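After the structure tokens below, expect a handful of questions from me.
The basis for the numbers below is simple: all heavy atoms, side chains too, and nothing from hydrogens, waters or symmetry mates. Please read all numbers here as calculations on a predicted model, not as lab measurements.
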Amino acid sequence: LTPTPVPLGQPENPFVIGLVDENNDPQMGAAANELAVQISRLSGLSVRGLVYPSYQELVDDLSFGKVHIAWLPPLTYLYASQRGLAEAALLTNHFGVYFYGTQFLANVESNFTPFHDPISGLNQVDGPTALSQFQDMRPCLVEPTSAAGYILPAGLLKMYGVTTAPAVITQSHPAVVRALYVKGICDFGATYAISGDPRTASAVQEDLPSATSRIIIIWRSDPVIPNLNLSFISGLSESSWQALSAAFLELSKTPEGKGLLSLSAGNYQIEEMKAVDDTAYAQLRSAAEVLGIDLGEMIGK
């Protein structure tokens, strides 16, 4: 007779939380064990933690059904979703926001018209209207795996029918600001926005204190790039989904729980968590698709 499979969440067949530690943090093993203990206690299900040295190895085991719960960055989640491996369950609040976006910048001495009101924080026109002035201009972008510094801005430009000269790749968000400040490198640039502003970063302000007045925002996207999420393996039962979600949400309500969650997420500061589904990724997914990006090359981002 074929033995009846033991349901997930039982002591002999526990759920596995996969954590990634690319920096050999000695605290991660203990964090994985403690997180498993707390989620087991709060959910009534058996859970164990497992630390991986890379997102690639985590995603591989997710595909083999060896991992059932995992923190996933936005582009890594898009890949896992595309492959049918995982579904977004909870989203993290990081630095006060759940989502961030991109902003298009230019030197104040350029001939571009700003359509972003720095007082209200609102755009005065839509994206196609504001960005059409960048036709045939040269952008400074961060690097091809950057959601806010490349994929979203380049995707928006393409979706709006704006053709530009080949981009200058600066490798960092502050470097985009610096390139625009000195002029002659590119005509406009794009960096992260909403979760912060690289123009005010200490690395910029130390020697370019006038960056915020010299480099102006032409237009800013909506907050459409989700922060780190907690994903569950596809096909998880509704009862397990609800029990595990409730356990993580309960843990996130205390300072000690937030600290444990943040450590387990690779020292990624988690202030709150909320339920989310795949629709939260629609605009980022569209930007990646219009650019023809191979999401398999985005694992870890």
(message) Measuring only between side-chain heavy atoms, which start at C-beta, is Tyr77 closer than 4.5 Å to Leu85?
(response)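 Contact flag for Tyr77/Leu85 side chains = no.
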(message) Using the ring centroid of each side chain, check whether Phe134 and Phe112 are separated by less than 6.0 Å.
(response) yes
(message) Under a 3.5 Å threshold, yes or no: a donor from one side chain and an acceptor from the other, between Tyr192 and Ser146?
(response) no
(request) State plainly whether the residues Asp278 and Arg285 are in salt-bridge range, i.e. N to O under 4.0 Å. (result)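 Salt bridge: yes.
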(request) Would you confirm whether the ring centroid of Tyr268 sits within less than 6.0 angstrom of the ring centroid of His94? (result)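 Close enough - the centres of the two rings lie under 6.0 Å apart.
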(message) Do Pro223 and Tyr100 make a side-chain contact, defined as non-hydrogen atoms from C-beta onward lying under 4.5 Å apart?
(response) no
(message) Given 3.5 Å as the limit, does a donor-acceptor pair link the side chain of Asp187 with the main chain of Arg138, or not?
(response) yes
(message) With a 3.5 Å distance limit and no angle check, can you tell me whether Asp21 reaches the backbone of Asp25 through a side-chain donor-acceptor pair?
(response) yes
(message) Any heavy-atom pair between the side chains of Ile218 and Phe188 that's under 4.5 Å?
(response)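 SC-SC contact between Phe188 and Ile218 ruled out.
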(message) Side chains of Asp117 and Ser120: any donor to acceptor distance under 3.5 Å?
(response)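 Yes, a side-chain donor-acceptor pair sits under 3.5 Å.
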(message) Between Pro14 and His68, is there a side-chain heavy-atom distance shorter than 4.5 Å?
(response)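 Heavy-atom side-chain distance check fails, nothing below 4.5 Å.
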(message) Is there a side chain to side chain donor-acceptor pair (under 3.5 Å) between Glu57 and Ser54? Walk through the geometry before answering.
(response) CA-CA 5 Å; Glu57 290 174 75; Ser54 72; 3.2 Å; yes
(request) Report yes if the side chains of Ile69 and Phe15 come closer than 4.5 Å at any heavy-atom pair, otherwise no. (result)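 Counting from C-beta outward, Ile69 and Phe15 do come under 4.5 Å.
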(request) Identify the residue among Leu62, Val67, Leu19 that makes a side-chain contact (heavy atoms from CB on, under 4.5 Å) with Tyr52. (result) Val67
(request) Would you please say whether a donor-acceptor pair under 3.5 Å links the side chains of Ser213 and Ser210? (result)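 On atom types as modelled, these side chains do not qualify, holding no pair under 3.5 Å.
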(request) Report yes if the side chains of Leu152 and Tyr150 come closer than 4.5 Å at any heavy-atom pair, otherwise no. (result)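 With C-beta onward as the side chain, the pair stays apart.
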(request) Consider only side-chain N and O atoms of Asp126 and Thr129, and report whether a donor and an acceptor are under 3.5 Å apart. (result) yes
